[in-house]
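All remarks here apply to the structure that follows.
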Amino acid sequence: MVMGVDKGASLLWLSFLFMSGSRALDNGLALTPTMGWLHWERFTCNTDCSKDPFNCISEQLFMQMADVMVAEGWKEAGYEFVCIDDCWLDSTRGKDGRLRPHPLRFPRGIRKLADYVHSKGLKLGIYQDVGNLTCAGFPGSLGHYEEDAQTFADWGIDLLKFDGCNFGTVELLAEGYKNMSRALNNTGKHIVYSCEWPLYEKDFQKPNYTEIRKYCNHWRNYGDVYDSWSSIKSIIDWTADHQDLIVPAAGPGGWNDPDMLVIGDFGLSRDQQITQMALWAIMAAPLLMSNDLRMIDAQSKALLQNREVIAINQDPLGFQGQRLYKMDEFELWERPLSNASFAAAVVNRREIGSPRAFRLQLFFIGGGSPCKKGCIVTQILPFRNHLGWQKPDSVIPLSVNPTGTVLLKLLPSSKLSHNVLEYSSIL
Ligand code: GLA
């Protein structure tokens with residue numbers, strides 16, 4: 001196979017090294033991408049608790065999710081935020097001007113829910129909007145930023161997802177996101193700030209990511225994820241098409257957010273779930289699952305809890321990966337990791353036929369330098385396979401299912417040091 005490596009790729013890594021030092025929101029949070037659960041994609045705005053008590057947006061849903069997160073190993077795997085999205089509010093503010101949750105669905109109030117979630121060793125996220133109404137039409141925060149930030153702090157909230165519906169002008173949008181960031185900081189409570197600022201701004205002007213990074217811990221760039229392969233593909237394509245703009249902005253404290261993981265829902269095949277998990281790891285994306293953890297299948301659970309994939313996502317260096325090239329309906333993505341390692345993902349975008357053979361030329365990874373003395377290569381997805389020490393000019397044959405991905409980890413090692421390592425492990 002002929003490989004047309006994107007010439008910009010190595011330049012991009014260079015610019016990236018300079019930019020990723022750029023100032024992040026100074027709240028000491030999200031040093032690695034946020035991990036947790038968020039209700040929106042799976043439970044949307046289901047407010048009918050009389051007809052559907054098991055699935056409606058109520059304190060019970062979040063308490064049950066918190067219970068399962070502890071009981072079923074999610075917390076141990078790193079998923080720590082239980083996040084409320086839209087439709088938790090009552091239709092008006094209280095007489096005192098304060099936000100209040102819907103009285104029947106959250107009868108004990110958010111403070112009590114936060115106490116419950118905290119008692120499980122987890123954190124609670126909540127949702128509001130920069131404009132006068134949320135996307136689903138509940139009271140927004142416009143004109144109330146300080147007051148709402150204080151309410152969230154008083155309730156013990158740990159993360160705010162701040163949406164951008166009904167924002168008025170693009171200037172008000174930017175001001176609103178900045179003001180809420182300051183208001184959260186002024187409460188003195190450490191609250192992760194999840195923005196949708198560039199998503200709403202980009203139709204009017206090019207987002208300034210250096211600035212967005214100063215105010216937000218993560219930010220949505222693109223439309224809402226749906227439970228379908230076409231949705232996942234569109235997010236992957238948008239991300240690759242805009243990587244020169246967005247990749248340099250990511251780093252400890254601030255991340256591009258390609259939206260929720262829909263693994264374990266209805267729309268993705270096994271291979272498509274693997275592609276989402278692998279690429280969200282390469283993209284250093286927040287891992288916010290939107291699924292029903294009370295009844296998830298074993299394969300989806302194992303994929304979401306795969307420690308080696310999570311370790312790639314959570315790599316402390318915090319470099320976001322990128323697409324190196326696409327050719328013949330294959331895509332090669334890579335991400336630099338700590339200890340001079342690299343992750344590589346090969347996606348088969350062909351939606352017909354059998355698994356296809358891809359010959360990975362090691363010297364393409366990281367511009368050739370990581371494996372210049374050879375690398376120890378491990379396949380992590382779709383199943384673990386130790387591929388051993390590979391010399392610098394190795395061509396590794398891989399088999400990639402239609403719409404699936406093979407995820408690899410490459411650890412630099414000379415043959416000699418690899419042999420010494422193997423030998424000492426025998427002794
Ligand atoms: C917007 C956001 C979604 C979700 C809904 C809620 O569409 O992008 O993630 O929060 O609003 O109404």
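Whatever order the structure lists them in is the order used to number ligands and atoms, beginning at 1. Here the structure is a predicted model, which means the values were calculated and not measured.
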Note: Arg350-Asp328 ion pair, threshold 4.0 Å (strictly below): yes

Proximal ligand 1 atoms for Cys135, defined as those under 4.0 Å from one of its heavy atoms: 1 (C), 11 (O), 12 (O)

Close-contact set for ligand 1 against Arg220 heavy atoms, below 4.0 Å: 8 (O), 9 (O)

Beyond-backbone contact of Trp37 with Val68, side-chain heavy atoms, under 4.5 angstrom: no

Protein contact of atom 5 (C) of ligand 1 - nearest heavy atom, named by residue and atom, plus distance: Trp40 CE2, 3.6 Å

Nearest non-hydrogen protein atom, atom 7 (O) of ligand 1: Asp224 OD2, 2.6 Å

Numbered atoms and elements of ligand 1 in range of Glu196, under 4.0 angstrom, heavy atoms: 2 (C), 8 (O), 9 (O)

Heavy-atom nearest neighbour of atom 1 (C) of ligand 1 within options Asp163, Asp259, Asp257: Asp163

Contact atoms of ligand 1, heavy-atom distance to Lys161 under 4.0 Å: 3 (C), 4 (C), 9 (O), 10 (O)

Face-on cation placement of Arg108 at Tyr116 ring, 6.0 Å and 45° thresholds: no

Backbone N/O of Tyr177 and side chain of Ser181: donor-acceptor pair under 3.5 Å: no

Tyr200 N/O to ligand 1 N/O under 3.5 Å: no

Residue-ligand contact Glu41/ligand 1, heavy atom below 4.0 Å: no

Minimum side-chain heavy-atom gap Val346-Leu332 below 4.5 Å: yes

Check ion pair Asp148-Arg93 (N to O, under 4.0 angstrom): yes

Centroid separation Phe62 to His39 less than 6.0 Å: yes

Nearest neighbour of atom 4 (C) of ligand 1 from the list Asp85, Leu38, Asp86, on a heavy-atom basis: Asp85

